[in-house]
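Input: a single structure, listed below in structure tokens.
Computed from a predicted structure; not experimentally measured. For ligands, and for the atoms within them, numbers begin at 1 and follow the listed sequence.
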Amino acid sequence: MSRFDFDTFIDRRGTHSSKWDMMETLFGVPAEDGLAMWTADSDYPTAPCVSAAVRAAANVGVFGYFADYGAYNDAIAWWMRTRHGWTIEPDWILTTQGLGNAIALCIDVWSDPGDAVVIFSPVYHEFSRKIERAGRVVTECPLAREGDRYELDLDDAQRRLTGKEKILIWCSPQNPSGRIWTAAELRAVAAFAAQNGLVLISDEVHHDLVYPGETFVPMAVAAPEAAGRMVIATAASKTFNIAGQKTGNLIIADPKLRADMATRLRALDYSPNALGLKMVTAAYSPDGALWVDAQIAHLDSVRRMFDAGVNAIPGIRSLPLQSTYLAWVDFSGTGMEFDEFNARTRDIARIAASPGPDFGKGGESFLRFNLATTHDRVSEAVERLQRAFADLQ
Ligand SMILES: Cc1ncc(COP(=O)(O)O)c(C=O)c1O
């Protein structure tokens with residue numbers, strides 16, 4: 001029995017929670033009886049050690065300027081070494097306002113308007129949005145679907161390049177699908193970036209929530225030969241459910257790339273949120289590690305429940321996750337178009353789930369369901385989906 005509780009639902013309706021308070025506006029699903037299973041934050045509280053750090057700061061009661069990144073950087077270095085077998089120097093770390101912001105900064109620093117950025121889809125929808133908002137062009141390379149698994153097709157990707165590409169944004173583990181890339185695959189991606197002269201941004205924000213029997217390999221560990229073109233983006237936000245703190249990191253071993261980014265951060269007068277820094281420092285600790293292990297056991301249990309219930313509906317397939325709490329569910333076997341299975345999920349099951357087409361090519365027949373909630377809620381979601389698609393039984 002875990003000493004941590006992931007089965008008490010925290011009702012965040014009316015608390016300025018994007019996940020709950022925006023679902024009616026964005027999905028038309030009212031929060032009174034709807035289930036919010038879209039954006040990637042969790043319905044249970046963060047680790048007690050993180051809340052204790054916030055309480056300690058509140059007890060001081062003065063929220064002035066922050067100084068001394070020593071403990072913060074050391075905590076990150078400790079976490080990467082002990083959880084991921086990756087040794088970093090504390091001064092490789094540059095702090096951003098969350099990871100979305102980190103990705104946008106990378107696009108800004110290492111490309112110019114009109115340049116292109118490579119992504120492998122289906123992938124986190126904000127990559128293409130950020131590329132386009134910055135006046136750059138998306139070079140979209142679809143992953144190959146083989147049964148329940150996505151595979152890389154770098155020959156196909158090579159054929160799609162236009163010659164304008166400056167950056168490759170990689171997602172590892174992959175959001176959506178939870179695919180964990182092997183060391184050999186990561187080396188192949190790094191070699192592809194080298195061959196095409198691309199800065200390689202590896203977004204590893206989902207690296208901690210990895211299911212038993214699976215092993216995550218950081219890009220920097222798999223392909224040290226590409227360190228001169230590599231930027232690793234990561235954060236404690238998903239792992240510890242502290243996304244609202246907007247604290248993310250770019251970890252850059254190469255001095256030239258690091259100087260490029262540091263110069264831009266100084267020009268923009270970046271200085272991170274002190275509470276976020278304190279929360280991350282508390283999170284990346286032995287107590288935080290115990291909580292993460294307990295969370296993985298919880299997620300492993302709820303995703304098994306979800307998969308068993310959803311896969312019992314003829315034509316619907318939840319792909320087996322290697323990592324992440326984001327179930328990637330394929331409705332293609334129902335024979336329905338996106339509008340129909342999406343409307344049934346939204347209007348009959350009253351579930352707000354992320355639309356697959358937002359994730360790019362290959363997402364057309366999918367919805368993504370956030371499972372970071374209680375057993376009761378996941379069980380309720382399964383029952384609602386079974387009712388909404390009862391005619392397929
Ligand atoms: C792969 C990936 N990168 C970045 C982000 C955004 O991170 P942040 O909330 O720290 O901006 C997310 C959020 O879901 C994500 O899944």
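When each atom of ligand 1 is checked for a heavy atom of Ser237 under 4.0 Å away, the hits are 10 (O). Set against the non-hydrogen atoms of Val205, the atoms of ligand 1 under 4.0 Å away are 1 (C), 2 (C), 3 (N), 15 (C). Atom numbering of ligand 1 starts at 1 in the shown order; those under 4.0 Å from a heavy atom of Cys171 are 1 (C). Listed by atom number, the atoms of ligand 1 under 4.0 Å from Gly100 heavy atoms are 6 (C), 7 (O), 8 (P), 11 (O). Within ligand 1, the atoms closer than 4.0 Å to a non-hydrogen atom of Asn175 are 15 (C), 16 (O), numbered from 1 in the order shown. Ligand 1 places these atoms under 4.0 Å from at least one heavy atom of Ala40: 14 (O).
In this structure, Gln97 falls outside the shell of residues with a heavy atom less than 4.0 angstrom from ligand 1. The shortest heavy-atom distance from Glu126 to ligand 1 is not under 4.0 Å.
Taking the ring centroids of Phe369 and Trp328, they lie at or beyond the 6.0 Å cut-off. Taking the six-membered ring for Trp, Tyr44 and His298 have ring centres closer than 6.0 Å. Phe331 has its ring centre less than 6.0 Å from the ring centre of Phe389. Aromatic ring centroids of Tyr72 and Trp79 lie 6.0 Å or more apart.
Annotation: side chain of Arg384 is in contact with side chain of Leu35 (closest heavy-atom distance under 4.5 Å).
From the protein, the heavy atom lying nearest to atom 9 (O) of ligand 1 is Lys246 NZ, 3.9 Å. Among protein heavy atoms, atom 12 (C) of ligand 1 sits closest to Tyr124 CZ, 3.3 Å. Closest to atom 13 (C) of ligand 1, if we only count protein heavy atoms, is Lys238 NZ, 2.8 Å. Nearest protein heavy-atom neighbour of atom 7 (O) of ligand 1: Leu99 CB, 3.5 Å. Atom 3 (N) of ligand 1 has Asp203 OD2, 2.5 Å as its closest protein atom, hydrogens excluded (heavy atom only).
The 12-atom threshold is not exceeded at CD of Glu337, counting heavy atoms of other residues, nucleotides or ligands nearer than 6.0 Å.
A salt bridge does not link Arg187 to Glu185: none of the charged side-chain nitrogens sits closer than 4.0 Å to a carboxylate oxygen. One finds no salt bridge joining Asp21 and Arg12 here, because no Lys/Arg side-chain nitrogen approaches an Asp/Glu carboxylate oxygen to under 4.0 Å.
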- request: Decide yes or no on ring-ring contact (aromatic ring centres under 6.0 Å, His included) for Trp170 and Phe127, but give the supporting numbers first.
  value: CA-CA 10 Å; Trp170 181 244; Phe127 288 172; over 10 Å; no

